[in-house]
Amino acid sequence: MNYKKWIHIALAASLLSGVFAPNSFVYAASDVSSVEIEVVTLAEMPSLVITGVSGNTHHLKIITTNPPNTDMLIEKSSTPDFSQSEVFLDWTPITNGHELSVFVGDGESGYLRIKARNQEGIETEFSAPIVLNQAPTMPTLARQVTGTHSIALQLNDVMGATDYKIKRTDLGTDSVFTGKDYTDSSVLPGRPYTYEFWAERSGQQSEKNTISLWTKPEAPALFIYNTSSSSVQLEVDLKDNPQNSEIEVQRDNGNPKIQGLKITETNLMPSRSYEYRVRVKSANNEFSPWVTQTVTTGESASSLPSSGGGAYYPPTQVNLSDVQISYDENGNLRIIGIDEKAEYKYYAIITDSNGKQIKSPLFNTLKELEEWLQKNLIPGQKYKITIGIEVDKNKRHEKTIDYTVPLDPNKANSLLKNIKIITDGEPNTRISWVEFDLTSIPTTVQVVLNGQTKQAKGTVLRFENLDDNRTYTAELKLYDSSSDKAISQKVEVKTPNRTAPEILNATYNQGEIVLNVVSVSELEGRIE
């Protein structure tokens, strides 16, 4: 808050007679008792503050300590250096709190600066530029291609966009991609996936577009399980299709039955070859290609694809398609969607965002592997994790998943305390700025200050054009990118004084010049 301070300046009579003539005083006097003083003050630099945004219209307010109806001029530019600029508001009488609106095109940036002049026509310097960033428009989909293990999206160009981002809703993590093409190769067959995608420019996000797509079902495999002179038994391997996929089986002029993954048919002719066709139907009524298998009834064991007991049993089928990592309510890591058998051994390979790998030993139980993973994963970090099963010495099955470790609330609060806050400003401008140093934070942080919202990871967030000598409340949010949760904390930030003292008037009293000064800081001294 401004408050008045008085400084007394006593000048000798000989000075008042004309020996001393400071530029800021005009007087005419022959002796001390008849001195008249006129004070001419310079205008003080005003500033612009963003008060809100409605669509493409940015609302601003002019902050000034100059007298009402002081002349001011505003320039506008599309570049921060004002190499090409235009007069947005010509010299106009302005009073503190004057409001104005500025239109900014989609995906564009506008820069404004302001200056003032006093009654003598002496102008101030321009204020520091204020930037108006307008979010780009929502991108639309140009093309989509789905396969069994991939989904490819191509976006249409968005004017002004510098980045495109996409999030698969079941993962909760954002992906930044160059250009307009994005391919997800971590999907599985016969399943729906929903994506949100948007464009960004200077931290401003467009509206989000959403699309849901189904991957195509994968062709299954068909094995001969057993035969007799009048019957056959086959087994279907669904591969990576969902375990509840519908199976369709056909034989020309036949009537095979299916139960679960087993196909049987009886009352067949001996020593006759029969061709069976199988395909998978996904939940969105899309079919995989047909696969065929020819079976001869009564075929001897030696002529079957595998010897032993007169039957061919398919090799042990390990299905890792639904493997996931999660944390239970007690904060313990769990691997789900995987079979645990005494003859299996389990392992994992962790790859961090820098490509560094950590390989586990072979464990006899999933619990041992879960405990090893939890000790080697850092909350908030993103990894590629390969989960593997060793069936025997010569056979291993693996699946690699992208996984972001959820935040431990206790550790998250500790991370928030590591954010460095720096405040400063330009002297004599009334304008301050605040920086939040996030370089030691491994995950995304959002900062809300003075109505502005910014978020980033591992960098510095700067908020400019703040009032000096003021306490702001900043809300810090540490995001858990594996879920919709965020750990939040509020802190108070005090900006320093960057306001010059202002001489309101001067009077002459009993041989002394008395200056009426307004300042937001203490003044000291007596000038004689």
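- In this structure, the side chain of Asn450 does not engage the main chain of Gln452 through any donor-acceptor pair within 3.5 Å.
- Between the Gln204 side chain and the Glu200 main chain, no donor and acceptor come within less than 3.5 Å of each other.
- Closest of all the heavy-atom pairs between Ala456 and Leu461 is CB-CD2, 3.7 Å.
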For residues 146-153, tabulate all N or O donor-acceptor pairs below 3.5 Å that involve a side-chain atom, not counting sequence neighbours.
from   : atom 1 : to     : atom 2 : distance (Å)
His149 : NE2    : Asp240 : OD2    : 3.0

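- How far CG of Leu366 is from NZ of Lys341: 12.5 Å, rounded to the nearest 0.5 Å.
- Separation of atoms CZ (Arg279) and OG (Ser245) is listed at 13.5 Å; rounding is to 0.5 Å.
- Side chain to side chain, Glu218 and Asn241 fail the donor-acceptor criterion of an N or O pair below 3.5 Å.
- The stretch residues 346-364 participates, sequence neighbours left out, in no salt bridge (Lys or Arg N to Asp or Glu O under 4.0 Å) pair at all.
- Within the cation-pi definition used here (under 6.0 Å to the ring centroid, within 45° of the axis), Lys165 does not qualify as a partner of Trp198.
- Atom-to-atom distance recorded for Lys375:NZ and Ile378:CD1 is 15.0 Å, nearest 0.5 angstrom.
- Between the side chain of Ser282 and the backbone N or O of Pro217, no donor-acceptor pair lies under 3.5 Å.
- No side-chain donor-acceptor contact under 3.5 Å links Thr227 to the backbone of Val232.
- A donor-acceptor distance shorter than 3.5 angstrom exists from the side chain of Thr51 to the backbone of His59, with no hydrogens or angles considered.
- Counting only N and O atoms by type, the side chains of Ser109 and Arg201 include a donor and acceptor under 3.5 Å apart.
- Side-chain contact of Thr194 with Ser212: a donor-acceptor pair under 3.5 Å is present, judged by distance alone.
- In terms of the ring pair (Phe, Tyr, Trp, His ring centres under 6.0 Å) criterion, Tyr274 has no residue partners (sequence neighbours excluded).
- Across all their heavy atoms, Ala474 and Phe436 have their closest contact at CB-CZ, 3.9 Å.
- Figure legend: Lys382 and Tyr403 shown without cation-pi pairing, the cationic atom not lying both under 6.0 angstrom from the six-membered ring centre and within 45 degrees of its axis.
- The shortest distance between side-chain heavy atoms of Lys76 and Val102 falls below 4.5 Å.
- Rounded to the nearest 0.5 Å, atoms CG (Leu188) and NZ (Lys399) are 4.5 Å apart.
- Put simply, the side chain of Gln134 gets close to the backbone of Gly55: a donor and an acceptor are under 3.5 Å apart.
- Here the straight-line distance linking atom CG of Asp106 with atom OG1 of Thr137 works out to 5.5 Å at 0.5 Å rounding.
- Proximity of a side-chain donor or acceptor of Tyr472 to a complementary backbone N or O of Asp467 within less than 3.5 Å is detected.
- In this structure Ser271 satisfies the side chain to side chain contact (heavy atoms under 4.5 Å, CB included) test with no other residue, sequence neighbours excluded.
- Of all non-hydrogen atoms in Val104 and Gly110, the two that sit nearest each other are CG1-N, 4.3 Å.
- For the pair Glu475 (side chain) and Val448 (backbone), a donor-acceptor distance under 3.5 Å is absent.
- Taking Tyr346 as the reference, nothing meets the ring pair (Phe, Tyr, Trp, His ring centres under 6.0 Å) condition, with sequence neighbours excluded.
- Stacking of Arg462 on the aromatic ring of Trp433 is recorded, both the 6.0 Å distance cut-off and the 45° axial limit being met.
- The list of salt bridge (Lys or Arg N to Asp or Glu O under 4.0 Å) pairs with a residue in residues 136-158, not counting sequence neighbours, reads Asp157-Lys180.
- With hydrogens and angles disregarded, no donor-acceptor distance shorter than 3.5 Å links the side chain of Ser231 to the backbone of Glu265.
- For the atom pair Leu268 CG and Ser273 OG, the distance stands at 11.5 Å (nearest 0.5 Å).
- Between Arg334 and Glu370, at least one side-chain nitrogen of the basic residue sits less than 4.0 Å from a carboxylate oxygen of the acidic one, meeting the salt-bridge criterion.
- Under the side chain to side chain contact (heavy atoms under 4.5 Å, CB included) test applied with Phe223, the options Asp237, Ile263, Val236 reduce to a single match, Asp237.
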